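Heads up: the structure comes next, in structure tokens.
The chains referred to below are lettered A, B, ... by the order of the sequence lines, with proteins before strands, and numbering in each begins at 1. Computed from heavy atoms alone, side chains included, the values below leave out hydrogens, waters and symmetry copies. These numbers come from a predicted model, not from an experiment.
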Amino acid sequence: MPYTTNDIRRVEDKWQKYWAGKKIFRAQETPGREKYYVLEMFPYPSGKIHMGHVRNYTIADVIARYKMMRGFNVLHPMGYDAFGQPAENAAIKRGVSPSDWTYKCIEDMHAGLAKMGFSYDWDRELATCDVSYYKWNQWLFIKMFEKGLAYKKGSPVNWCPSCNTTLANEEVINGACWRCKNEVVQKDLDQWYLKITHYSEALLEDLKTLNNWPSRVIAMQENWIGKSYGADIYFRVKGRDDVITVFTTRPDTIFGATYVTLAPEHPLVRKLSQGTAQEAKVAAFVEKAANTSKSLRMSGDQRKDGVFTGAYAVNPVNGRDVPVWIGDYVLMEYGTGAIMAVPTHDQRDFEFAREHKLPMIVVIDDPARPGLAPDQMTRAYEDAGTLVNSSLFDGIPNEEAKKKIALWMEEKKTGKVSVHWRLRDWLISRQRYWGAPIPMIYCKLCGIVPVPEDQLPVELPKDAPITGEGGSPLAKVKEFVECKCPKCGKDARRETDTMATFFDSSWYFLRYCDAHNDKAVFDKAKAAYWMPVDQYIGGIEHAILHLLYSRFFTKFIRDLGLAAVDEPFDRLLTQGMVLKDGEVMSKSKGNVVDPDEVISKFGADTLRMFILFAAPPEDQLEWNPAGLEGNWRFINRVWSAVEDRYDPKVTGNATGSLADADDKKLELERNAAIKKVTESMEGGFKFNTAISAVMVLMNAIDKYNVTTSIPGMKAVYLNKAIETVVLLLAPFTPHVAEEMWQMAGKTDMSVAYVGWPSFDEKALVTDTVRIAVQVNGKVRGEFEVPRDAEEPVLRPIVLADEGVLRHIAGKEIKKFIVIKNKLVSIVV
RNA sequence: GCUGGAGUGGCGGAACGGUAUACGCGUCGGUCUCAAAAACCGAUAUCUUAACGGGUGUGUGGGUUCGAGUCCCACCUCCAGCACCA
């Protein structure tokens, strides 16, 4: 009897109930027992689970189940990243409360996850919108405030006009909001920031320790943090007390700096142009820049617009007067907001100088074609070379000159060696309702005062008006806003912004270690036992956002003395997208395949197996209904083998002496399969090759001939092989594996607790091996030869072969190379 | 432009420097059937040959090696991220 649709329902329900009822996957801290923490990026509960979730969580589940069978104490928790805008949008659209909507979605999501048979410790389930969770958000925020790592400042911020809220730099993708894709504008606002830049150096440095992270994620974070070595150089303004500090990564080119350019927002701009003939022009330029959005200013045709300020500065190394300009390509946020321009050796400066007819001096000569001259250059020379026109530094290679000149200037106090970062502090206040309230109080007398710990949590009021029209909804709830100052007791006002949801997800992996602690953020000892996460799995879209923030939080929490690790995630796997017809599955494209439908037709096990088999986990996965059916067929073949060929009545061990050639072959295949699957798992979770190895064993079982020899003995080998298939499949297709294990009469325990099968290297050793023979690099024959045979044995065998002789044909044999048990290579 | 990654049958994809294309899908042929489906068995890189066999094949061009998909150099294409970051 094949495995039918009815069997699917019966079997999957049965075992899901069994796992839940017996709490098979409950994790308990057991000192002395080796732990393994598997974690997937928890979902935003938007409704039912989709194929992306299925793929992500199936990968994690196979790892969890595999590690469990290998004897590890596995922690595999699940929860919900439950604060965020979609709940508010649902509230606006349907009039439901964000809380009701969210908890309903969580219920659906939970049901969907259970139907996939994932091995979660449901006792640790949490949602970030639970008061019991976000209370600790607030506690962490206050700790940051106390350490000076949370602060409020007014400055230009990214504002999404469609979401009506501020955004962090990391949430702006190509000038657009990461969530709604609308263009982001700049606004001057007073906002809360977390000082992630306090950890710039550590965040960069510790990337080196993350050897099991994908290189592209490391590269992306490196780029994002963006450490630049160089020098700050002081340009005295002629006829004034002011000094313009510029940052450059090319101090070697200082003798070629022929002008200085300021960002339009630079504080000196107005002052320098005051009273000069340029004043009106400068003012117009500054205003134009201010009214152009940053993304427009930075994209566009990249033509270099600028205007002369009317002022001159002095190049500190040669005393020359250099004009001070304003340029729209200079950013106030980076470096010092001012640059020294070396048009001969920087392409942007080159373009600007040509546009505005500014002078150029060559200071790095091209060693390949000496004699660079400004009027013959069509673009800047940015490669390495030798210094010229640089006084006492002439003739020095420029890489060497970078250090020398910077140090020389530091000595002369005209500059200093410096480092600048691309990373900015993290803006976390949001003018939205569905988030954790920022636990701060504004008092006219005492200023900004944190809510005392014993008054936490600051609960989100249930009845805030949610209109989506802008302004923090909490500001409209009088009872929420009005409060007493914890310091002086006078009337005060609460902060009405909420925290960015990335705050919530930056430490949830620590909370899982002790999910329901109501006395502390988590127990230190429990976290010490479970952390770090051994294997983290999630989408590449969080390469910077969530993964950078979590690294920052972990370092902060470590510095609070609560966590014992420097990094939260030891290994990271970023799973590929699920595609259909070459496009990412999405509701808007209308190409989604509903996991529920697949499950009801083929079962969760088939779905799991297909997703794991069709592509390596990191690669994109093209949805293929025919492939799905292929996996369904395979599960059925195994099922039939257990039903029809497995004999539970036969027990006992096979003895080698009774084995005939077929038996030996089957034993060999069985051991080879265990070895291959184990290696595929240990060598980076290559599920596709792991499954193919099980298929190879299954093919061998189907070919195994029982009729030729002692029947009882045959059943022993056959049983053993079939048991091995079931055990090897257990992490991949857990429901049928449990059922088949039971069908095979193994009723004493869940297959999840049965050890991973081990293999015998000796069983993989055969008496003879097949070797190939090459003549001049081309394969000319194949031989069955005794194992470990050397040249004296092989030479006569090989040279007796007609196929080989044909290609030697009387020529002299120059070399006879033997690679033991692999091949013979003859050179003639 | 910079950074990271990838180019292998009709398709998804395998290959410690050692017989390229495992495994699966698809296709073709067969068994079973009145027939079909399902299931099972077999074939399946390409050119050439009646066949044995031979030639060519892992994006392109070189190199190292007895031997290269794999290592080295140069290049092309694609994907992803960043991008006027001084």
Side-chain angles (χ1 to χ4, degrees), chain A residues 2 173-174 214-224 226-228 230 246-250 253 261 263 297-300 302-304 327-331 333-342 345-349 351-352 382 420-423 540-541 543-544 609-610 613-616 618-631 633-634 636-637 640 676 679-680 683 686 688-696 698-699 702-703 770-783 802-803 806-807 814-828:
Chain A
I173 312 291
N174 285 328
S215 53
R216 64 170 165 163
V217 175
I218 301 280
M220 281 160 79
Q221 292 215 357
E222 266 170 15
N223 283 341
W224 190 261
K227 184 178 192 178
S228 289
V246 306
F247 172 64
T248 181
T249 53
R250 296 291 306 271
T253 63
T261 313
R297 200 174 119 195
M298 288 305 146
S299 64
Q302 306 227 334
R303 221 184 99 237
K304 307 275 180 293
D328 62 357
Y329 71 102
V330 180
L331 306 170
E333 312 88 86
Y334 185 74
T336 59
I339 61 161
M340 65 177 211
V342 186
H345 305 295
D346 181 285
Q347 184 59 21
R348 293 154 305 181
D349 298 344
E351 287 163 24
F352 191 88
E382 294 178 318
H420 285 264
W421 303 86
R422 195 180 168 285
L423 184 66
I540 186 71
E541 68 274 15
I544 294 170
M609 194 177 193
F610 164 71
F613 180 64
E618 297 87 350
D619 289 10
Q620 295 193 324
L621 170 72
E622 174 68 32
W623 183 258
N624 174 10
L628 185 75
E629 288 191 46
N631 288 109
R633 268 200 295 274
F634 178 73
N636 248 297
R637 275 174 65 203
S640 303
K676 179 76 209 248
E679 284 174 356
S680 289
K686 298 188 178 83
N688 53 333
T689 54
I691 291 170
S692 84
V694 183
M695 288 171 166
V696 170
M698 199 55 219
N699 290 344
D702 280 351
K703 286 198 174 65
R770 281 197 92 69
I771 63 159
V773 174
Q774 297 183 338
V775 179
N776 284 350
K778 280 201 180 358
V779 176
R780 297 301 183 186
E782 225 184 290
F783 298 86
E802 219 178 290
R806 183 167 39 225
H807 295 281
K814 285 191 185 149
K815 276 186 185 170
F816 193 93
I817 299 159
V818 175
I819 310 294
K820 231 206 280 181
N821 301 330
K822 284 242 169 74
L823 59 66
V824 168
S825 185
I826 302 170
V827 185
V828 298

Query raised in the report: So, is A:H345 near the phosphate of B:rA86, with a side-chain N or O under 4.0 Å from OP1 or OP2?
Result: no

Query - Spacing between A:L823 atom CG and B:rG18 atom C1', to the nearest angstrom - result: 4 Å

Requested in this report: Take atom CD of A:E333 and atom P of B:rC84, then tell me their distance rounded to the nearest Å.
Outcome: 10 Å

Query - Given B:rA14, B:rG42, B:rC66, the nucleotide with the shortest approach to the side chain of A:K815 - result: B:rC66

Query - Integer angstrom distance from the P of B:rA14 to that of B:rG24 - result: 15 Å

**Report entry** Complementary nucleotide for B:rA80 - Watson-Crick or wobble, under 3.5 Å
**Finding:** B:rU3

Query raised in the report: What is the distance from CD1 of A:I817 to P of B:rA68, rounded to the nearest Å?
Result: 12 Å

Query raised in the report: Of all heavy-atom pairs between A:H420 and A:G335, which one has the smallest distance, and what is that distance?
Result: ND1-CA, 3.5 Å

Query raised in the report: Does any nucleotide pair with B:rU19 by Watson-Crick or G-U wobble geometry, both distances under 3.5 Å, and what is it?
Result: none

Query raised in the report: Rounded to the Å, how far apart are A:E351 CD and B:rA86 P?
Result: 16 Å

Requested in this report: Ignoring backbone atoms, establish whether A:R633 has a side-chain N or O less than 4.0 Å from OP1 or OP2 of B:rC40.
Outcome: no

Query - Whole angstrom value for the distance that separates P of B:rC84 from NZ of A:K304 - result: 9 Å

Query raised in the report: Which heavy atom in A:I544 sits nearest to a heavy atom in A:Q221, and how many Å separate them?
Result: O-NE2, 4.1 Å

Query - 4.5 Å side-chain heavy-atom contact, A:T253 and A:D346 - result: no

Query raised in the report: Given B:rG24, is OP1 or OP2 found less than 4.0 Å from the side-chain N or O atoms of A:N631?
Result: no

Query raised in the report: To the nearest Å, how far apart are A:R770 CZ and B:rA22 C1'?
Result: 17 Å

**Report entry** Glycosidic conformation of B:rG9, taking syn as within 90° of 0 and anti otherwise
**Finding:** syn

Query raised in the report: Taking the C1' atom of each, how far is B:rG9 from B:rG62, in whole Å?
Result: 27 Å

Query raised in the report: Is there a donor and acceptor pair closer than 3.5 Å between the side chain of A:K814 and the base of B:rC66?
Result: no

Query raised in the report: If you look at every strand shown and take non-hydrogen atoms under 4.0 Å, does A:G226 touch a base, only sugar-phosphate, or nothing?
Result: nothing

**Report entry** Given RNA chain B, 5'-ward residue of the pair A:E629 and A:K822, judged by closest heavy atom
**Finding:** A:K822

Requested in this report: Examine the side chains of A:T689 and A:S680 and answer whether a donor and an acceptor come within less than 3.5 Å of each other.
Outcome: yes

Query raised in the report: Is the NZ or CZ atom of A:K304 both under 6.0 Å from the centre of the six-membered ring of A:Y329 and within 45° of that ring's axis?
Result: yes

Requested in this report: Counting heavy atoms from C-beta on, name the nucleotide in B:rC66, B:rG81, B:rG4 closest to the side chain of A:S825.
Outcome: B:rC66

Query raised in the report: With no angle test and no hydrogens, is the base of B:rG1 tied to the side chain of A:Q347 by a donor-acceptor pair under 3.5 Å?
Result: no

Requested in this report: Just call it for A:E622: base, sugar-phosphate, or nothing, with non-hydrogen atoms closer than 4.0 Å on any strand.
Outcome: nothing

Query raised in the report: Does A:R780 make a side-chain N or O approach to OP1 or OP2 of B:rG54 shorter than 4.0 Å?
Result: yes

Query raised in the report: Can you find a side chain N or O atom of A:R422 that sits less than 4.0 Å from OP1 or OP2 on B:rA83?
Result: yes

Query raised in the report: Expressed in whole Å, how much space separates the C1' atoms belonging to B:rC82 and B:rC72?
Result: 30 Å

Query raised in the report: Which whole-number value in Å describes the distance from A:E802 CD to B:rC52 C1'?
Result: 10 Å

Query raised in the report: Any side-chain N or O of A:K778 less than 4.0 Å from the OP1 or OP2 oxygen of B:rU56?
Result: yes

Query raised in the report: Using a cut-off of less than 4.0 Å, is there contact between a side-chain N or O of A:T261 and OP1 or OP2 of B:rA86?
Result: no

Report task. May I ask you to say what A:P214 touches in the nucleic acid, namely base, sugar-phosphate or nothing, with a heavy-atom cut-off under 4.0 Å? Result -> nothing

Query raised in the report: What interatomic distance, in whole Å, is found between C1' of B:rG7 and the corresponding atom of B:rU44?
Result: 24 Å

Query raised in the report: How about A:R216: does its CZ atom have over 12 heavy atoms from other parts shown lying under 6.0 Å from it?
Result: no

**Report entry** Side chains of A:I691 and A:M695 in contact at under 4.5 Å (non-hydrogen atoms)
**Finding:** yes

Requested in this report: With a 3.5 angstrom cut-off on both distances, give the Watson-Crick or G-U wobble partner of B:rU31, or none if there isn't one.
Outcome: B:rA39

Report task. Would you kindly give the CD1-to-P distance between A:I771 and B:rC66, to the nearest whole Å? Result -> 20 Å

Query raised in the report: Is any side-chain N or O of A:N699 closer than 4.0 Å to OP1 or OP2 of B:rG24?
Result: yes

Query raised in the report: Counting just side-chain N and O atoms, does A:S215 come under 4.0 Å of either OP1 or OP2 of B:rG5?
Result: yes

